[in-house]
Amino acid sequence: MKTETYISRYCQIENNAVFVDGVKLFEMNDVSFSEFIKNAYKFFNIDYPKFFKMDSLSKLAFLTAEIILNKECVLEHENDIAIVFANTSSSLDTDIKHQSSIQNKDQFFPSPAVFVYTLPNICVGEICIKHQLKSENAFFVFEYFPSDFLLNYSNQLMESDKANKILCGWVELYQENYKSFVYLVDKQGEILHNELNINTLYNK
């Protein structure tokens, strides 16, 4: 028998604003992504110095996940939460920065700090390290927001007892264009986890 799952919490970050469960909690106008994400980090009282060494995609994913997981995870315990993320640009924003560092043969100086983020799933790793998540995790690349895929993949993980909860979402960033929409799939809640509700929340 198929177990019903629910969206227990969700967070969306775009246009220099942070929404949690549909409520705008933070906003900055007329600033760069770098300035916005740094101030959002401070606003939510996050204490994780490694954040400032991350690339932009990882900062976006980490902050969105942190807002959801800060009440879900106990750092002293292994937390049975899987992660399933997707986007359309992969790690292109960082790839271009890395490429520019090796383009000029006369000034060849590839940065290890940039190179380490030239895979999109590194942002998932940052979240797993912070919250001691040792369940399934994956990062996929699609041309569009894959609500059907996120639904089916996460439900499969739940039904096969691979995880107790699933952190799902879309984390897209290329230069100053970005959007993250991350939600927690649980066995209890008020919003039924189905494709209609996923798309409705994503498009809010």
Side-chain angles (χ1 to χ4, degrees), residues 5-29 31-77 79-87 117 120-133 135 137-139 145 147 150 154 163-173 176-191 193 197-204:
T5 56
Y6 299 85
I7 298 172
S8 63
R9 202 161 191 228
Y10 60 97
C11 177
Q12 190 162 325
I13 300 178
E14 64 178 328
N15 299 324
N16 287 5
V18 180
F19 298 82
V20 180
D21 296 334
V23 179
K24 185 191 293 183
L25 297 185
F26 179 76
E27 184 177 28
M28 288 186 75
N29 295 315
V31 295
S32 66
F33 171 80
S34 177
E35 187 70 16
F36 161 73
I37 205 74
K38 179 177 67 176
N39 281 278
Y41 168 93
K42 293 177 181 177
F43 176 83
F44 287 98
N45 297 313
I46 299 169
D47 183 18
Y48 195 64
K50 193 180 176 184
F51 176 85
F52 297 100
K53 297 180 181 179
M54 297 178 190
D55 73 330
S56 295
L57 178 65
S58 294
K59 286 178 180 177
L60 179 62
F62 183 89
L63 180 63
T64 316
E66 182 68 19
I67 291 168
I68 294 175
L69 294 179
N70 61 2
K71 294 182 180 179
E72 294 289 333
C73 294
V74 180
L75 294 182
E76 293 78 14
H77 299 91
N79 297 285
D80 190 18
I81 300 174
I83 300 179
V84 182
F85 281 178
N87 77 3
Y117 290 103
N121 62 315
I122 298 301
C123 68
V124 173
E126 297 284 12
I127 297 165
C128 290
I129 291 169
K130 169 66 166 62
H131 292 286
Q132 294 296 299
L133 307 183
S135 186
N137 64 77
F139 197 111
F145 176 63
S147 55
L150 293 174
S154 58
N164 189 45
K165 299 178 183 180
I166 320 285
L167 192 67
C168 283
W170 180 258
V171 185
E172 166 63 17
L173 181 142
E176 290 297 312
N177 297 311
Y178 64 90
K179 175 171 182 170
S180 68
F181 167 67
V182 174
Y183 63 92
L184 189 67
V185 180
D186 203 338
K187 294 176 182 176
Q188 55 188 1
E190 296 182 0
I191 303 173
H193 184 219
N197 286 336
I198 295 170
N199 284 322
T200 299
L201 296 178
Y202 173 81
N203 290 309
K204 267 190 174 182

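Starting from 1, each residue takes its place in the sequence as its number. From a predicted model like this one, the values you see are computed outputs, not experimental measurements. Note: hydrogens, waters and symmetry copies are ignored here, and every other heavy atom, side chains too, is used.
- Looking at heavy atoms from C-beta onward, I37 lies out of side-chain contact with Y178 at the 4.5 angstrom threshold.
- Checked against side chain to side chain contact (heavy atoms under 4.5 Å, CB included), F19 has the following partners two or more places apart in sequence or in another chain: Q12, A17, K24.
- For S8, the side chain to side chain contact (heavy atoms under 4.5 Å, CB included) partners two or more places apart in sequence, or in a different chain, are L184, D186.
- Distance check, rounded to the nearest 0.5 Å: CD1 of I67 to CG of L63 gives 4.0 Å.
- In this structure, N87 and L57 have side chains that are in contact, with non-hydrogen atoms separated by less than 4.5 Å.
- The side-chain contact (heavy atoms from CB on, under 4.5 Å) test with I83 singles out one residue from C128, S135, C168, and that residue is C128.
- Note that CZ of F52 and CE of M54 are 10.0 Å apart. Values are rounded to the nearest 0.5 Å.
- Summarising the geometry of V171 relative to F139, their closest heavy-atom pair is O-CZ, 4.2 Å, with the distance given to 0.1 Å.
- The distance from atom CD of E66 to atom CD of E126, rounded to the nearest 0.5 Å, is 12.0 Å.
- Across all their heavy atoms, I191 and Y10 have their closest contact at CD1-CE2, 3.9 Å.
- With values rounded to the nearest 0.5 angstrom, L173 atom CG is found 5.5 Å from S56 atom OG.
- For L167 against I68, the heavy-atom pair with the smallest separation is CD1-CG2, 4.0 Å.
- By the 4.5 Å heavy-atom criterion applied to side chains, D80 and K165 are not counted as neighbours.
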Verify side chain to side chain contact (heavy atoms under 4.5 Å, CB included) between V18 and F44, making sure each step is shown before the conclusion. CA-CA 10 Å; V18 180; F44 287 98; 3.7 Å; yes
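- In this structure, F51 and Y41 have parallel ring planes: the angle between them is below the 30° cut-off, well short of the 60° mark.
- The shortest side-chain heavy-atom distance between R9 and V20 falls under the 4.5 Å cut-off.
- With sequence neighbours left out, F145 forms a side chain to side chain contact (heavy atoms under 4.5 Å, CB included) with S147, L150, W170, F181, I198, N199, Y202.
- Taking K59 as the reference, nothing meets the salt bridge (charged side-chain N to carboxylate O under 4.0 Å, His left out) condition, with sequence neighbours excluded.
- Every residue two or more places apart in sequence or in another chain that forms a ring pair (Phe, Tyr, Trp, His ring centres under 6.0 Å) with Y48 is listed here: F62.
- We find the NZ-OG1 distance between K187 and T5 to be 10.5 Å, quoted to the nearest 0.5 Å.
- Residues passing the salt bridge (charged side-chain N to carboxylate O under 4.0 Å, His left out) test with K42, sequence neighbours excluded: none.
- For the pair E176 (side chain) and F33 (backbone), a donor-acceptor distance under 3.5 Å is present.
- Atom CG of N15 sits about 8.5 Å away from atom NZ of K179, to the nearest 0.5 Å.
- Shown are L133, T64, N137; of these, the side-chain contact (heavy atoms from CB on, under 4.5 Å) with I127 is made only by L133.
- The heavy-atom pair separating E27 from N29 by the smallest distance is OE2-OD1, 3.7 Å.
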